[in-house]
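Read the structure below first, then the notes.
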Number of protein chains: 2
Amino acid sequence: MTEELFKPRRARAAHAQGKRATLKDVADRAGVGQITASRALREPGKVSPALRARVLEAVEALGYVANQVASGLASGASRVVPVLIPTLAHAVYVPFLRGVHDELDRHGYEVLLGTTDYLEATEAKLVSTLLGWFPAGLLLAGVDHAPPTRLRLQQAVAAGLPVVEFMDLAEAPLDMNVGFSHPAVGAAVAAYFADRGCRHIAYAGTQASHDHRSTRRLQGFRAELAARGLPEHYALRSEEPFSMALGGRLLAELLQRHPQVEAVFFANDDLAAGAVLEAQRRGLRLPAQLAVMGFNDLEIAAAMHPSISSVAVDQYGMGQRAAALLLERLAGGAPAATRLDTGFRIVERATTAGPGAGA
Amino acid sequence: MTEELFKPRRARAAHAQGKRATLKDVADRAGVGQITASRALREPGKVSPALRARVLEAVEALGYVANQVASGLASGASRVVPVLIPTLAHAVYVPFLRGVHDELDRHGYEVLLGTTDYLEATEAKLVSTLLGWFPAGLLLAGVDHAPPTRLRLQQAVAAGLPVVEFMDLAEAPLDMNVGFSHPAVGAAVAAYFADRGCRHIAYAGTQASHDHRSTRRLQGFRAELAARGLPEHYALRSEEPFSMALGGRLLAELLQRHPQVEAVFFANDDLAAGAVLEAQRRGLRLPAQLAVMGFNDLEIAAAMHPSISSVAVDQYGMGQRAAALLLERLAGGAPAATRLDTGFRIVERATTAGPGAGA
DNA sequence: CACCGCTTTGGTAGCGCTACCATACATGCT
DNA sequence: AGCATGTATGGTAGCGCTACCAAAGCGGTG
């Protein structure tokens, strides 16, 4: 009659885990308690060498792989870190992701990838779902979040979840923050052009209503021009997503509206590259008649002919630092800094070379 | 004395989940059984509209978010799909990842990112760990796996885990397979050059011992040359990872060893771009004196001056299809095909334009 | 009006692991 | 020797959810 008690009550979801060895199997084979087997794997120092060896032998023999899900449920913590970036369609976020991944991987954490498409609603949904994974931490692109999302994140932070916002600097970060100042970039580029004698300096970008960082660059840009008494109304922003072709169209429209424009700061290198091609079609001499600056310093900026000046940002390093900050917090210590400015650098190339916008 | 029984026995890991509402809270508030609440969320059709509404109201009011970990443990299945690619350092794998992510995201699955760095040992470790997450499926770059890894994967497949190998075609895939034939690419490029009158046709690549796909392209390349009675020994493969600079060095070495070389097929566009710059430094006319073909058709191939011919592969589509195949299987139906050839296309540009390797 | 089969709802056990506590034993001290 | 102290090991409960089964409700049928 005890037979009844021993027969498995249900067939598992017949998944990959079908017949996998459990920790109990390992413990039985090694002739130790289950908890000792668990310790031998997680805290080797607390188990005598003899037992530890037996456990490891059993693990090897049975091909045991820890069930992360059960572990996560029991401990209320996992080794998964979701990373939310706007999109994979743009090369910019990839080095960042790589930096994060390299650093987390080295420490045994997994990266769960999420893309928001610059939409707050998508971000909100992702944050909800991903919090359901008991993540070890959370990495979020940008510092702008819908109020309900922000509230939920604040609660999570208060409960001890390490969160790093990156790509931008916030006045009041949710928790930790690694990035650079977009207004400062805009101001620096405006100053760069102005210092070279340009007077009619324009900004061209995309996804006006969603890309808050581009908006902030434009703000810094305008403020600097205004401070110098230069016209600051040459700005054109499309709602379309970026592409090289769009860069050409933006330049065409800009020149039609404001033929006097001498220099343009594009929201990214793809746009700038498209604009350079359009300028060449129109027979404009670069930078003599038109100076062009991109943003992000992608490979294409250096590869184009003429090569395109751009603003370089250390995306990979930013990713590494963001992950490192998170790891420090997880390791228990308060991190050295909770707000890191990774800066930027104007890379001067052919499309802006020389004083006076060329010539 | 029953007091004892009710006091919580331990403080949870004080993590993000600290005070989060559980399914039981939702059920209590809605005045239904816990299981009914669960069903209302997962199988709405099986619950009466009235109760469903009450449950949803409670979810809303409490800000309930399902605990994915507990759900995964109880059901033996999760909505996570690990994707293993060689590296994020190369732009090639990103569109693939994007295709996968877009498709899976649309269906409510999460992507867990892993990179192998072309190392079988790393792949083995990742496969082990990731299997511990009760993944819904598995996406693996390449069809070459270390024997123990292969064995473990076969067991998982036998147990019902859907696995898709991509980027390459296998004689005997583990399960499903989406990719294109690398030998066919090599042969097609060899034929392309030969048809244009080249006789001394070389191959240049990197990471000789790790990049099996590059090796197979070389094999197809050589076979085609041999079949045409052309010399097939002009091959140079470095162990270094690819970079533009390395492309230049490879070309220099190749020309030193075999000055008669007229055409080179590079293992990727970055190498080709570096080689083009080196050729320009040497004053070689492209393609008259040297024809160059890249691989992957990255943006840089079109942006360079002269523009570089390349072999285009629909990485994004490959990712989408790989994910779609996996989803079909998960949906229960046997997928239409388990082996999909996504093909390739030679994109002719300035570095190979015209007959006779230029004229 | 009793009976059947269907749908809707709930109880319960357990997924595999880890936190907490208890126990056994070795060590060093008075 | 007798006791406190520390170290190594094990038992047990429970993490939050879902699979299985049982029971209740309900309308239709002969």
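Basis for what follows: all heavy atoms, side chains included, without hydrogens, waters or symmetry-related copies. Order of the sequence lines sets the chain letters (A, B, ...), proteins ahead of strands, with each chain counted from 1.
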Output all residues satisfying side-chain contact (heavy atoms from CB on, under 4.5 Å) with Thr149(A), sequence neighbours left out; order by chain, then residue number. Glu123(A), Ala124(A), Val127(A), His145(A), Ala146(A), Leu153(A)

Axis-to-axis angle across the helix from dC1(C)-dG30(D) to dT30(C)-dA1(D), five pairs an end, to 10 degrees? 50°

Without decimals, in angstroms, what is the distance between Phe134(B) CZ and dC17(C) C1'? 10 Å

Mind running a 4.0 Å heavy-atom check of residues 22-33 of chain B against DNA chain D and sending the residues that fall below it, in number order? Thr22(B), Leu23(B)

Do any pairs count as a salt bridge (charged side-chain N to carboxylate O under 4.0 Å, His left out) and have a residue in residues 58-82 of chain A, sequence neighbours left out, and if so which ones? none

Asp25(B)/Arg20(B) salt bridge by N-O under 4.0 Å criterion: no

Check the distance between dC15(D)'s C1' and Leu73(A)'s CG and give it to me in whole angstrom. 4 Å

What pairs meet the side-chain hydrogen bond (donor to acceptor under 3.5 Å, both in side chains) rule with one or both residues in residues 102-113 of chain B, with sequence neighbours excluded? Asp102(B)-Tyr316(B), Glu103(B)-Arg106(B)

Among dC17(C), dT18(D), dA19(C), which nucleotide sits nearest the side chain of Ala74(A)? dC17(C)

Could you state the CG-P distance from Asn67(A) to dG16(D), rounded to the nearest angstrom? 17 Å

For the residue pair Phe96(B) and Phe166(B), categorise the inter-ring angle as parallel (less than 30°), tilted (30 to 60°) or perpendicular (more than 60°). parallel

For the pair made of CD in Gln34(A) and C1' in dC20(C), what is the distance, rounded to whole Å? 15 Å

Check this one for me: any side-chain N or O of Thr36(B) less than 4.0 Å away from OP1 or OP2 of dG10(C)? yes

Please give, in whole Å, the distance from dC15(C) C1' to Gln68(A) CD? 16 Å

Which residues pass the salt bridge (Lys or Arg N to Asp or Glu O under 4.0 Å) test with Asp144(A), sequence neighbours left out? Arg216(A)

side-chain contact (heavy atoms from CB on, under 4.5 Å) partners for Ala170(A), two or more places apart: Val143(A), Pro173(A), Asn177(A)

So the salt bridge (charged side-chain N to carboxylate O under 4.0 Å, His left out) pairs with at least one residue in residues 62-78 of chain B (sequence neighbours excluded) are none

Can you sort out which residues in residues 37-66 of chain B have a heavy atom within less than 4.0 Å of DNA chain D? Ascending by number, please. Ser38(B), Arg42(B), Tyr64(B)

With sequence neighbours excluded, give me every salt bridge (charged side-chain N to carboxylate O under 4.0 Å, His left out) pair touching residues 316-325 of chain A. none

Between C1' of dA24(D) and CD1 of Ile35(B), the distance in whole Å: 17 Å

Please list, one pair per line, the donor and acceptor atoms closer than 3.5 Å that link side chains of residues 81-88 of chain B to other protein atoms, with sequence neighbours excluded.
from: Thr87(B); atom 1: OG1; to: Ala89(B); atom 2: N; distance (Å): 2.7

What pairs meet the side-chain hydrogen bond (donor to acceptor under 3.5 Å, both in side chains) rule with one or both residues in residues 42-54 of chain A, with sequence neighbours excluded? Ser38(A)-Arg42(A)

